[in-house]
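Structure, as structure tokens:
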Amino acid sequence: MTDNPVQDTFAFIIHPIDPKKDVSRKWPWLGKVLTRRQVDFFSLFFPPVYISEITGIRSTDTGQELHGWFWACPFTPQRMMSLPVDRVYDKIIATCQKARGLGARIVGLGAFTSVVGDAGITIARALDVAVTTGDSYTIEMAVEAVRQAARSMDIPMAEARAAVVGATGTIGGVCAELLAEEVADLILVGRRPDALEAVRERCQDGARAALRTSTDLASIYDADLVITVSSAISTIIEPQHLKPGAVVCDVARPRDVSKVVAAERDDVLVIEGGMVAVPGEVNFHFDFGFPPRMAYACMAETMALALEGRYENFSLGKRITREQVREISAIASRHGFRLGYFRSFERGPVTPEQIALVREQAAVTRRHWAPKLS
Ligand SMILES: NC(=O)c1ccc[n+]([C@@H]2O[C@H](COP(=O)([O-])OP(=O)(O)OC[C@H]3O[C@@H](n4cnc5c(N)ncnc54)[C@H](OP(=O)(O)O)[C@@H]3O)[C@@H](O)[C@H]2O)c1
């Protein structure tokens, strides 16, 4: 696999989110016999897990082909948030070293492996391979998904009231800065008033939106557009939080939006943050449950940097800038990456017919809807 040392290569680190389901994807029999608690417990002792080889990614700009690998850090989000952070770092570093051993020249940290501790800085220092969290392109694709979903729901961005839940976070903060440039009103929702105030100040630079902050999730009740991107390990957005016709882009993994919303609210459009169409005939040799050629934006950032030959740390740490977002967007778009499709509650694509039904239903419920304020 390392015959050609100058080949463009990358690896991406994933981890189980739904322990039983995700273990079944790799070992169907183990997924059947072990309970959720047992999977969670045994994950403590598991070594890094080789998942698959990734072939067929090809830049539309240079024709360059890219080779990669998925490796899994066996810890679940619950484990990563409850173990001492050094122990989690060690496991993630060990996983990255395995990928490095196969020849990866840049490693992307997926989902919670990019959230723990200082968001990749300590991990990158311990490795002699470039590292990125993928957060910059995740931000761009989340905002782009909101723009496209707003258009499909006939919500003009310039007149919209938007909210960002998890606005004090790495991804949420910059999503807020970008939305503030485009919408009429923006509500920044978080748990810490001081940190929210700091984000509000950052958003003021170039803002057209009137800005306000809130520590109460109920304050999103009048938002037309919501980006939710908390690192909560269970869902936080419930049916009563959303107004009819709202667009919600759930970037969090695990999801922020409760499944009850899917069951009870056919008048809101909930989409997952940025699914990206990858250029070339990509084969992940692993079933993520996505349609062919689709990847998460954070995976796409790692691939795009490798195609660009940028084997250097890119998105690291808790403070990403708008400039980084614009830079990775230009790189990714040059190599042929595009916003892919709308996925909702792990299913998709969401069709134009389904969106039309949401709009019709919203027109009905709007007549008798009243917010439930806490
Ligand atoms: N879809 C993708 O491609 C992709 C890529 C990367 C990451 N992600 C996901 O994005 C999410 C956020 O990542 P990040 O790097 O921005 O994390 P982060 O920097 O740690 O920020 C997390 C934010 O969530 C808030 N939060 C945490 N627990 C909460 C709770 N129980 N209730 C309400 N708010 C809570 C935090 O508030 P405080 O400031 O008060 O702590 C903070 O604002 C994670 O779920 C991650 O897996 C997705």
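It should be emphasised that the depicted structure is a prediction, and the values quoted were computed from it without experimental measurement. Read the numbers this way: they start at 1 and go in the same order the structure lists the ligands and their atoms.
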Within the 4.0 Å heavy-atom shell around [X], which atoms of ligand 1 are there?
{"X": "Thr138", "value": "2 (C), 3 (O), 4 (C), 5 (C)"}
{"X": "Cys298", "value": "3 (O), 5 (C)"}
{"X": "Ala111", "value": "47 (O)"}
{"X": "Val229", "value": "10 (O), 11 (C), 12 (C)"}
{"X": "Gly166", "value": "43 (O)"}

SG/Cys298 to CD1/Ile139 distance, rounded to the nearest 0.5 angstrom?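 Result: 11.5 Å between the selected atoms.
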Residues [X], [Y]: salt bridge by 4.0 Å N-O rule:
{"X": "Arg265", "Y": "Asp267", "answer": "yes"}
{"X": "Lys318", "Y": "Asp118", "answer": "no"}
{"X": "Arg338", "Y": "Glu140", "answer": "no"}
{"X": "Arg212", "Y": "Asp222", "answer": "yes"}
{"X": "Glu177", "Y": "Arg319", "answer": "yes"}
{"X": "Glu308", "Y": "Arg310", "answer": "no"}
{"X": "Glu181", "Y": "Arg147", "answer": "no"}

Between Asp135 and ligand 1, which part of the residue brings a heavy atom under 4.0 Å of the ligand: side chain, backbone, both or neither?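 Side chain only; the backbone of Asp135 stays clear of ligand 1.
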Return the closest protein heavy atom for [atom] as residue, atom name and distance.
{"atom": "atom 16 (O) of ligand 1", "answer": "Ile171 N, 3.0 Å"}
{"atom": "atom 34 (N) of ligand 1", "answer": "Ser230 CB, 3.7 Å"}
{"atom": "atom 21 (O) of ligand 1", "answer": "Gly169 CA, 3.1 Å"}
{"atom": "atom 13 (O) of ligand 1", "answer": "Val115 CG2, 3.6 Å"}
{"atom": "atom 31 (N) of ligand 1", "answer": "Ala232 CB, 3.4 Å"}
{"atom": "atom 47 (O) of ligand 1", "answer": "Arg253 O, 2.9 Å"}
{"atom": "atom 22 (C) of ligand 1", "answer": "Ser231 OG, 3.2 Å"}
{"atom": "atom 1 (N) of ligand 1", "answer": "Val251 O, 3.2 Å"}

Please verify the inter-ring angle class for Phe70 with Phe286; under 30° counts as parallel, over 60° as perpendicular, anything in between as tilted.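 Phe70 vs Phe286 ring planes: tilted.
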Parallel, tilted or perpendicular for Phe41 and Phe45, by the 30°/60° rule?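 Aromatic pair Phe41/Phe45 classed perpendicular.
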Options Arg192, Met141, Arg191, Arg255, ranked by nearest heavy atom to atom 36 (C) of ligand 1, top entry: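 Closest candidate by heavy-atom distance is Arg191.
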Would you tell me which option among Thr215, Thr168, Val164 has the nearest heavy-atom contact to atom 43 (O) of ligand 1?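 Heavy atom nearest to atom 43 (O) of ligand 1 belongs to Thr168.
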Based purely on interatomic distance, does [X] place a nitrogen or oxygen under 3.5 Å from a nitrogen or oxygen of ligand 1?
{"X": "Lys318", "value": "yes"}
{"X": "Ala252", "value": "no"}
{"X": "Thr170", "value": "yes"}
{"X": "Ser114", "value": "no"}

Between Trp369 and Leu242, is there a shared hydrophobic cluster once you connect ILVMFWY residues whose side-chain heavy atoms come closer than 4.5 Å?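 No; Leu242 is not reachable from Trp369 via cluster members.
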State which residue, out of Tyr296, Phe284, Tyr341, fulfils the ring pair (Phe, Tyr, Trp, His ring centres under 6.0 Å) condition with Phe290.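 One option only clears the test, and that one is Tyr296.
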